[in-house]
Novice: 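Once you've had a glance at the structure underneath, I'll fire off some questions.
Index from 1, following the sequence. These figures come from a predicted structure and were not determined experimentally.
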Amino acid sequence: MKYVLAVLCGLVALFMGGCAVMVLAGGPIALLPGGLAFFNLAILGALFGWKVQWRPAFYILGVVDILLAIVAALSASSMAANDQPYFWVAAAVFAVKGVLSFVYARRVGLKE
């Protein structure tokens, strides 16, 4: 469970970091993907040995991932048939990542 969550957080951090760099000229809108990349990096640090681990980061990221899964599923239901599989896969990945974030935060005793 820990390694699956780590791989998913790493991939999302790389993707959102790239999105933040691409949108950087757009002004403050770059803070959204940059913030998501930061929270994913905080989760990776907590998974692999930071001395200070912050439990709300897991919960914040879990809620954001569940919301992204809902948005991706709603987007997939209103798209053309050839684009739907990509959004269904994205929705499933975000849902699994959100659930794993909640489960890991509950299972491991982290600081508040």
Side-chain angles (χ1 to χ4, degrees):
M1 174 178 71
K2 175 181 176 179
Y3 295 109
V4 173
L5 182 60
V7 167
L8 292 175
C9 284
L11 290 174
V12 171
L14 286 174
F15 179 73
M16 289 299 171
C19 289
V21 168
M22 295 301 291
V23 182
L24 197 56
I29 194 74
L31 292 175
L32 293 173
L36 284 174
F38 171 76
F39 276 116
N40 280 293
L41 290 175
I43 298 296
L44 282 172
L47 288 174
F48 292 109
W50 270 356
K51 292 183 181 185
V52 177
Q53 299 174 349
W54 190 47
R55 184 183 289 181
F58 283 90
Y59 291 127
I60 291 168
L61 195 59
V63 168
V64 169
D65 287 336
I66 296 296
L67 291 175
L68 286 173
I70 291 170
V71 168
L74 290 175
S75 298
S77 64
S78 65
M79 292 190 143
N82 57 352
D83 290 335
Q84 281 183 351
Y86 302 114
F87 278 84
W88 286 118
V89 168
V93 167
F94 280 122
V96 166
K97 188 171 167 288
V99 169
L100 285 177
S101 295
F102 283 120
V103 168
Y104 192 80
R106 302 285 304 216
R107 185 172 291 188
V108 176
L110 301 174
K111 294 180 182 177
E112 290 292 330

Novice: Are Val71 and Leu67 packed together at the side-chain level, in the sense that at least one heavy-atom pair is separated by less than 4.5 angstrom?
Specialist: no

Novice: For the OG atom of Ser78 and the CD atom of Gln84, what is their distance to the nearest 0.5 Å?
Specialist: 8.5 Å

Novice: Side-chain heavy atoms under 4.5 angstrom apart, residues restricted to Ile, Leu, Val, Met, Phe, Trp, Tyr: same cluster for Val96 and Trp88?
Specialist: no

Novice: Atom CG of Asn40 and atom OG of Ser101: how far apart are they, to the nearest 0.5 Å?
Specialist: 8.0 Å

Novice: Only distances under 3.5 Å count here; give the side-chain donor-acceptor pairs of residues 5-29 to other protein atoms, sequence neighbours excluded, each with its distance to 0.1 Å.
Specialist:
none

Novice: Just so I know, are the side chains of Asp65 and Val93 near enough to count as touching, which here means a heavy-atom distance under 4.5 Å?
Specialist: no

Novice: What's the spacing between Leu31 CG and Phe38 CZ if we round to 0.5 Å?
Specialist: 12.5 Å

Novice: So Ile43 and Tyr104, do their side chains get closer than 4.5 Å, heavy atoms only?
Specialist: no

Novice: Taking all atoms of both residues into account, what is the closest heavy-atom pair of Ala91 and Ala69, and its distance?
Specialist: O-CB, 3.3 Å

Novice: Check whether any side-chain heavy atom of Phe39 sits under 4.5 Å from a side-chain heavy atom of Val64, and report yes or no.
Specialist: no

Novice: List in chain and number order the residues that pass ring pair (Phe, Tyr, Trp, His ring centres under 6.0 Å) with Phe102, two or more places apart in sequence or in another chain; answer none if no residue qualifies.
Specialist: Tyr59

Novice: Only pairs at least two apart or in different chains count here, so list each side-chain hydrogen bond (donor to acceptor under 3.5 Å, both in side chains) that has a residue in residues 1-21.
Specialist: none

